[in-house]
Every structure is written in C-alpha cells, then in structure tokens.
Number of protein chains: 2
Amino acid sequence: MMATRVLFPLVVVDVALFCVDDGGLRVLLVKRALEPEQGRWALPGGVLKPDQDANLEAAARRVLRNKVSVDIPHLEEIRTFSGNERDSRGWSIAVLFCALLPRDQVQALIRDKVEAVEWADAAKPGHRLAFDHTEQLFTALRVLRDKVDRHALPLHLMPEKFTLTALQRTCEAILGRPLDKAVFRRRLKGSEDLVETDEFERGLQRPAQLYRAREGFAFMA
Amino acid sequence: MMATRVLFPLVVVDVALFCVDDGGLRVLLVKRALEPEQGRWALPGGVLKPDQDANLEAAARRVLRNKVSVDIPHLEEIRTFSGNERDSRGWSIAVLFCALLPRDQVQALIRDKVEAVEWADAAKPGHRLAFDHTEQLFTALRVLRDKVDRHALPLHLMPEKFTLTALQRTCEAILGRPLDKAVFRRRLKGSEDLVETDEFERGLQRPAQLYRAREGFAFMA
DNA sequence: AGAATAGTGTCTGTCAGACAGTATCGC
DNA sequence: GCGATACTGTCTGACAGACACTATTCT
C-alpha cells in the first residue's frame, strides 16, 4: 500500500460549486462521511476513476452527479494542489474545478440530498475545512472574481430568462461590492453574449425587460 | 501493469520554456530519445516521482534541471491535459507548466546540452509535436499573451539590467505585434515592478537608462 | 553636421465613475 | 398623485492610440 502510494500518487478532483442566493455568493459544502477528516466540512470531491472517467473534467462531473442530481452547466479547471502534506493518505494530487449553478435550481438541490450539505457564504464559510480546501475555495473565488472584474458575465448562474437588475445583483454578490447601474448597463449594450427577449417581468412596479444568454455562451474562456 | 494503470493514472509534468532571442519568442523543444513517440520533437517533460518531488511544481523544476542546467526564475502551472487518448501508455495526466528564461542565459543553455535540443519559433514550431504537445504549447502561449496584454511585465525574460526599449522588444516578441513607444513608456511610469538604476547602456548612439525588476517581483499572479 | 536612438508632448476618442434625471408600472 | 423600480443623459477624469517633436550620443 505504501509502496504503490510512492510510485502512484492519489489523484482526486474537488469542486467549488457556486450559486447566488438571497443576494449572497454561496458555495456547496458537504460533511465528510468517511475517513480521513471524517465529520469535517469540505468541498465535494472524489477519487479519480480512470476506468469510468474520460478525463479529469468528466471525473468532476461524475462527482457532482453523485453528490448532486443536477446537470452542471459550466465546469472549469482552476489549478492543482499537490504534495505529501495535504492528505493524510500520502502523496496526493487534487485538481480543483469551479462550477456554477443557476439560481432557480438551488432549492431543489438542497431538498433532494440525504447527506449533510450546506450552502455556505463563499467568502466566509464559517467552518475550518478539511485538507487544504480553505485555500482551494479562496483560489476558486479569486479566479471567479477576476473574471467578473474583467467584464465576463456569469450567465451560468442565472435562470434561463432574467432581468438586467438581477444580473447586476449576481455580479455584486460575486464581487462583494455594489456596482453603478448606469455603468453596468452601458457595458452590456455592446455584449454579444446577451440577447434581449420581447418578454417582460411584471411585478409591483414598472416591468423589466427579460434577457437570455446567447446560444453557445461559455463563461470562462 | 495494465491493472495498475487503470487504478493509478500515469502522471507527467510538461514544461513550455520560453525565451526571447533575435527578436522572436522561442520555446525549447527536445527530441525524444525513448518510446513512446521516440524521435519526435516534444516539450521537455518527465514522469512525476513522488519520492523525489515535494509537489508538481518541484517536479517541473527537476525536469528542467535535468534537461537544462539553469535555475528557472519563474514557473507557473497552466492547466492539465488528461484521458486515455493522449499517451499510448494508457490513461494519463499531464500537468503543463510555463517557464521563462532570461535572454542572457539562452546561449549557455544551448551549448551545454548533449541531447537534441532546439529553440523553435513559439508561434510556429515547425514540427508535428509528440502527444498533445502542440495544443499544450498553444495553450501556454495564449496564457502568456493574455498576461502581457493585461499589462503584466515579463521581467523574468530580461537580464538583470535592461533598457526600456529592450523590454518593449520582448513584449512585442510575445504579442507578435509592434507597440507604440510613448504608450508603452507612459504605462511603465506607474509600475511598482520597475526600478530605475543610475547606470546607462552606452552604445553607438544616445545612452539608454538601465532598469531592473523590483525585489521579489513575480510575473504571473 | 548628420545619423541614430532615447525619451517627451499633445491631440483625440473611448470608457469608467458618479449622479441626476426621465419613464412606466401598481396602487 | 405617489411610491417604486426601470432605464437614460451627461459631466468629468483617466487612459490608450497615433504621431510629431525634442534630446543626446557617436562618427
């Protein structure tokens, strides 16, 4: 066992699954049912299974399919974490992925799960996480914020149709700071990724036009 | 052998080592001495050795130390390439790193090596590379260009002291297009990463002031 | 003086930030 | 009309691109 471990490192995939709910950016945590680090909160993850997974991204997709019964709209590799210290089982490689879940699929997800699951504040998870998952989480969060800072639109976090104000709230939740409405909308005018519909969201005030993502849109590129 | 390969994937690190020479961006290629893909040009790479390597970055550093007798100033992970198809030995993970070599260490490197080595045009390597290394190379090149486009200064490619014009030539080599001198220098005025010295490079014309990188400077962040 | 390279001044268009203003709904 | 939210107009400062200009060296 130790001998194979030295020649072949343990390879795991971990996923930082983000959503926006109640105006805050949340990340999915699971309570570990098995050793090592049993009982501690962690990012969902699992061991690579070369006989089942076409590649590492497919492995991350499988992990999420098992923990969560949703098709993940977007999944992207962030970076690796490796070495002898990060997992008590020995020399290991963790490949971190970032996933985005639309707002309208969040509630269903929580209800379906049996194991302990929590949508934690992404910036302040409130638990000491297992392994190096705190560092992993902050790394994923930094990458996500960088993208939005560079004007990438997190449309994978939105329902199919949404208002521009809702999109702005999502960006604000990711960045953790308010944005100017006029500036935000001026930028969106030139965006190829946004398509206007002829529908409106009717509420208690002036109706807001609904938009959707361009066909084939991908957030992280 | 096949059984272990299914449970434990082959893990390799590959390095895109860039330099600037003769006004062009070059990447180091080696001719593979062993199967698989013997005789084909490839990015320098090697199998991870958990008993020797503290982590994946250290593995990349070791690979370069063996192929090249230089201390690498900067090394950064780009992304992974994985699956059953990319290496004839079976299910594998390649972790790609990007490294930058100062201009004044290039000539020494070429002379010292016994095995077949070539500084190829980074944008047009001119060989069909082994494995998925052509895709790896273009991925690394794209990341490098993105950074410079976002005003990161590739000081790790420069000698200890350099003129602003030399730095501009390096950026132009990376981007593959000319830059405006006045625009380039105006941006540098506000840079914390650049320190002016009181020395000048005296040549055939008006002397140019020499600059150096700030202590503790890191290119990719 | 002239060639060559280092380094600067300036005009213009674009865009972000700030903020006030107008438009359109439900009541 | 009034409150609330959607949406727009405009001023200002920062900065990029383009390009002409000045400065300092060697021959």
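Order of the sequence lines fixes the chain letters, A, B, ..., with proteins taken first and strands second; residue numbering starts at 1 for each chain.
Heavy-atom nearest nucleotides on DNA chain C were determined for P207(B) and for L204(A), and the one closer to the 5' end corresponds to P207(B). Take the nearest nucleotide of DNA chain D for G203(B) and for A208(A): the residue whose nucleotide is more 5' is A208(A).
In the region residues 162-172 of chain B, proximity to DNA chain C at under 4.0 angstrom, judged on heavy atoms, holds for T165(B). The stretch residues 176-195 of chain B touches DNA chain D through D180(B), A182(B), V183(B), R186(B), R187(B), each having a heavy atom within less than 4.0 Å of the strand.
Here CG of L56(B) is found 4.5 Å from OG1 of T80(A). Values are rounded to the nearest 0.5 Å.
Candidate nucleotides dA4(D), dT25(D), dG26(C) were compared by shortest atom distance to the side chain of Q205(B), and dT25(D) ranks first.
Between C98(B) and F18(B), the closest side-chain pair of non-hydrogen atoms falls below 4.5 Å. For the pair S92(B) and V11(B), the minimum side-chain heavy-atom distance is 4.5 Å or more.
With salt bridges taken as basic N to acidic carboxylate O contacts below 4.0 Å, none links D21(B) and R103(B).
F200(A) places its CZ atom 16 Å from the C1' atom of dG26(C), with the value rounded to the nearest Å. Here the P atom of nucleotide dG26(C) and the CD atom of E201(A) are 13 Å apart, to the nearest Å. Protein atom CG of D149(A) is 15 Å distant from nucleotide atom C1' of dG17(C), rounded to whole Å. To the nearest angstrom, P of dA6(D) lies 9 Å from CZ of R206(A).
Q209(A) and T163(A) share no side-chain donor-acceptor pair at under 3.5 Å.
Counting heavy-atom neighbours within 6.0 Å of R150(A) CZ, excluding the residue itself, gives a total above 12.
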Let me see the working for E76(A) and K147(A) under salt bridge (Lys or Arg N to Asp or Glu O under 4.0 Å), right down to the final yes or no.
CA-CA 12 Å; E76(A) 176 169 304; K147(A) 298 243 182 198; 3.4 Å; yes
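Geometrically, R79(B) engages F81(B) in a cation-pi contact, judged by NZ or CZ lying under 6.0 Å from the ring centre and within 45° of the ring axis.
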